[in-house]
Amino acid sequence: MIGVEMMDAMKRRWVPYLFLSPYMLFYVAFGLIPILFSFYVSLTSWDGIGKKTFVGLDNYAFLFNPDSYFFTSVGNTLLFVAVSLPLQMAFGLAIAALLYSKFVKWKAFFQLVNFLPYIVTPVAVGLMFNLLFDWQAGFVNKLLLEFGLIEEGIYWLGEPLYARIVIVLMLFWKGFGYTMIFYLAGLANISKDLHEAAAVDGATGMKAFWTITLPLLRPVTTFVAITGIIGGFQLLEEPMLLLGGAGMGSASAVIGGPERCCLTTVWNMYDTAFGSTTRYGLGSAIAYGLCVIIAVFSFIGTKFYREES
């Protein structure tokens with residue numbers, strides 16, 4: 001009897017692992033092994049075809065060399081996130097508050113319309129903004145010329161400042177619907193009794209919004225900020241399609257746009273590993289540098305999120 005009970009106990013112990021084994025096999029094959037292999041590659045000099053040459057931490061040391069453009073790309077990415085994310089959050093909150101109010105009809109329709117840009121594929125977004133801001137045939141220049149605001153077309157994608165403005169506008173347009181959805185969920189979780197009690201005390205309108213609604217939305221704001229920063233550091237397809245070619249006359253011939261002003265960290269990694277030089281080792285080192293940056297922001301954001309919750 002004791003032997004049978006032990007066998008039953010062992011079966012119950014191993015059955016969960018049996019059901020988990022397919023996922024674990026896929027994770028090891030397509031997750032863990034590639035991660036370990038890419039780290040090994042980051043310690044070598046390899047073009048993907050020839051023999052790997054072990055170089056130790058030389059690739060990581062090269063990240064501090066200006067020729068690697070690593071910190072240039074990190075600075076560009078931080079700039080885009082720092083400018084576009086607050087705009088997304090402010091506009092998303094405003095739209096969410098408007099849709100949550102009793103003054104708007106067809107709320108589901110307007111929620112869908114505002115969220116649609118977020119689900120548009122990055123390739124389509126990049127090509128669309130490339131066409132909109134083309135300096136010869138772009139709709140934006142034609143509109144500005146029509147109203148007499150400019151005398152000649154602006155070379156939007158050929159000047160560093162203008163190119164960055166286009167990137168920020170693109171990120172804002174694509175991302176504010178994402179923040180709106182979360183703020184709508186946050187507003188729905190705020191008890192109406194709090195606003196009714198505030199109204200009795202004379203706090204209505206904007207005063208109630210600043211003293212009740214906004215403080216209660218802090219966990220949502222923190223979460224949106226964390227995910228927005230992480231998503232911003234993964235930016236690749238939109239600026240690449242906007243400035244990297246694709247047969248458009250307005251595209252820049254330089255990787256990352258004029259003076260590499262729009263070179264993001266992932267774009268730098270992609271160009272280093274799969275561009276004309278195919279430096280897999282250095283590309284892997286850039287990827288791990290990006291991983292450390294995202295981990296730091298995630299740790300800081302998670303700490304604030306737990307405090308706010």
Side-chain angles (χ1 to χ4, degrees), residues 73-101 104 107 110-120 122 125 164 167-198 203-239 264-266 287-309:
S73 63
V74 171
N76 290 336
T77 307
L78 282 173
L79 176 64
F80 295 145
V81 172
V83 177
S84 65
L85 185 57
L87 293 175
Q88 294 174 25
M89 295 171 65
F91 196 74
L93 176 58
I95 296 297
L98 183 62
L99 292 178
Y100 190 72
S101 67
V104 178
K107 295 182 179 181
F110 287 110
Q111 290 177 21
L112 176 62
V113 169
N114 285 285
F115 187 70
L116 277 177
Y118 181 73
I119 62 177
V120 176
V125 173
R164 284 173 170 168
I167 295 290
V168 169
L169 290 175
M170 180 174 59
L171 295 177
F172 164 71
W173 176 80
K174 183 175 174 61
F176 80 87
Y178 174 83
T179 63
M180 176 203 68
I181 292 297
F182 282 98
Y183 278 125
L184 276 172
L187 290 171
N189 287 327
I190 297 177
S191 175
K192 294 182 179 180
D193 295 339
L194 296 175
H195 288 280
E196 293 175 357
T204 58
M206 290 301 298
K207 187 176 181 180
F209 178 81
W210 286 104
T211 57
I212 298 176
T213 305
L214 202 57
L216 292 176
L217 288 176
R218 285 177 183 172
V220 177
T221 301
T222 304
F223 174 79
V224 170
I226 296 171
T227 56
I229 293 172
I230 295 174
F233 271 100
Q234 298 173 355
L235 185 63
L236 170 63
E237 294 96 334
E238 294 94 332
T264 63
T265 312
V266 181
Y288 276 94
L290 175 61
C291 180
V292 170
I293 294 173
I294 292 178
V296 170
F297 278 105
S298 300
F299 174 78
I300 296 173
T302 303
K303 184 177 180 181
F304 276 105
Y305 181 75
R306 288 176 178 175
E307 292 177 356
E308 295 294 344
S309 301

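- The shortest heavy-atom contact between P239 and T264 is CG-CG2, 4.1 Å.
- Atoms CZ and CG, on R164 and N76 in that order, are 5.0 Å from each other to the nearest 0.5 Å.
- Here the side chains of L235 and V81 are not in contact, with every heavy-atom distance at 4.5 Å or above.
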**OP:** Mind running side chain to side chain contact (heavy atoms under 4.5 Å, CB included) on L187 and L217 for me, showing each step along the way?
**Re:** CA-CA 7 Å; L187 290 171; L217 288 176; 3.9 Å; yes
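- No more than 12 heavy atoms of other residues, nucleotides or ligands lie within 6.0 Å of OH in Y118, so this atom counts as exposed by the packing criterion.
- Closest non-hydrogen pair, Q111 versus M180, comes out as O-CE, 3.6 Å.
- The shortest heavy-atom contact between V125 and M170 is CG1-CG, 3.4 Å.
- When every heavy atom of P117 is checked against every heavy atom of W173, the shortest pair comes out as CB-O, 3.3 Å.
- Under the 30°/60° scheme for interplanar angles, the aromatic rings of F233 and F297 are found to be tilted.
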Subject >> Chi angles and distances behind the side chain to side chain contact (heavy atoms under 4.5 Å, CB included) call for Y183, T221 >> reply: CA-CA 8 Å; Y183 278 125; T221 301; 3.0 Å; yes
**OP:** I would like to know whether F176 and L87 meet side chain to side chain contact (heavy atoms under 4.5 Å, CB included); could you show each step before the answer?
**Re:** CA-CA 8 Å; F176 80 87; L87 293 175; over 6 Å; no
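- Checked by atom type and distance alone, the side chain of S84 never pairs as donor or acceptor with a backbone atom of L171 at under 3.5 Å.
- The CD1 atom of I294 sits 13.0 Å away from the CD1 atom of I226 when rounded to the nearest 0.5 Å.
- In plain terms, the two heavy atoms of P86 and V83 that are nearest each other are CD-O, 3.6 Å.
- Distance check, rounded to the nearest 0.5 Å: CD1 of I95 to CD1 of I181 gives 11.5 Å.
- Interatomic distance, OG1 of T179 versus CG of L184, reported as 9.5 Å (0.5 Å rounding).
- One finds the OG1 atom of T77 at 11.0 Å from the CD atom of Q234 (value rounded to the nearest 0.5 Å).
- Closest heavy-atom contact between T265 and L290: CG2-CD1, 3.9 Å.
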**OP:** Would you sort out whether T213 and L216 count as a side chain to side chain contact (heavy atoms under 4.5 Å, CB included), showing the intermediate values?
**Re:** CA-CA 5 Å; T213 305; L216 292 176; over 6 Å; no
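- Under the 30°/60° scheme for interplanar angles, the aromatic rings of F223 and F182 are found to be tilted.
- Expressed to the nearest 0.5 Å, how far CG of L169 lies from NZ of K174 amounts to 15.0 Å.
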